Amino acid sequence: MAVKIKLKRLGKIRSPHYRIVVADSRTRRDGRAIEEIGLYHPVQNPSRIEVDSERAQYWLSVGAQPTEPVLAILKLTGDWQKHKGLPAPAPLLVAEPKDKRAAFEAFTKAIEGDEPKGEAITPKAKKADKKADEAEAASTESTEA
């Protein structure tokens, strides 16, 4: 039986996430798996990649063949280089937690400095101009009729 390490797709239509699974090569993409060895969430920024290195090494050593996408993931995590005896790659980028409160406060301070509060942007129309506009509209209606 040929064994593959492949991605099993989960999630909604436009927000996919995958599990890295070991499965028989004849099973369908989202079918039954022998073992789940990792996660891959490409929509997150940066992408979330978690691989159980010990299990990946085991399956590679007994002859499981990774698909192309999984091979790229294993190269990023360094498991493929470890299996082949190559030098390890640079460490993966890990997202730093953002301080949303500080960003919001900086944004509100920037807005407060731009415009004074409570004033209209456009000047108000004067009553005399309003009466002239009404008279002009009335005269154009009478000429049209």
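This one's a predicted model, so the numbers in the text were calculated from it and none came from an experiment.
Residues V43 and P16 meet the side-chain proximity criterion, which asks for heavy atoms closer than 4.5 Å. Considering only heavy atoms from C-beta on, I5 stays 4.5 Å or farther from L71 through its side chain. Using a 4.5 Å heavy-atom threshold, the side chains of Y40 and P69 count as separate. At a threshold of 4.5 Å between non-hydrogen side-chain atoms, the residues I37 and S53 do not count as touching. T77 places a side-chain heavy atom less than 4.5 Å from the side chain of I49. No side-chain heavy atom of I20 sits under 4.5 Å from any side-chain heavy atom of D52. Put simply, the side chain of R29 does not reach to within 4.5 Å of the side chain of K6, judged on heavy atoms.
Here the CG-NZ distance, from L86 to K75, works out to 9.0 Å after rounding to the nearest 0.5 Å. Atom NE2 of H17 and atom NE2 of H41 lie 5.5 Å apart (nearest 0.5 Å).
L60 and L74 make their closest contact through CD1-CD1, 4.3 Å (heavy atoms, listed as atom of the first residue, atom of the second, distance). Listed here is the closest heavy atom pair of K8 and D30: CE-O, 3.7 Å. D24 approaches A2 most closely through the heavy-atom pair OD1-O, 3.1 Å. Residues S47 and P42 share a closest heavy-atom pair of OG-O, 3.5 Å.
Side chain of E36 to main chain of R19: no donor-acceptor pair is present (N/O by atom type, distance under 3.5 Å, no hydrogens or angles). Remark: side-chain polar atoms of T27 are not paired, donor with acceptor, to backbone N or O of A23 under 3.5 angstrom.
Clustering ILVMFWY residues whenever any of their side-chain heavy atoms sit less than 4.5 angstrom apart, transitively, puts L39 in a cluster other than the one holding V21.
The list of ring pair (Phe, Tyr, Trp, His ring centres under 6.0 Å) pairs with a residue in residues 45-82, not counting sequence neighbours, reads W80-H83.
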Next item on the list: Report the C-alpha distance between D79 and Q57 in whole Å, list the side-chain angles of each, state the deciding distance to 0.1 Å, and finish with yes or no for side chain to side chain contact (heavy atoms under 4.5 Å, CB included).
Entry: CA-CA 7 Å; D79 292 318; Q57 291 301 315; 3.5 Å; yes
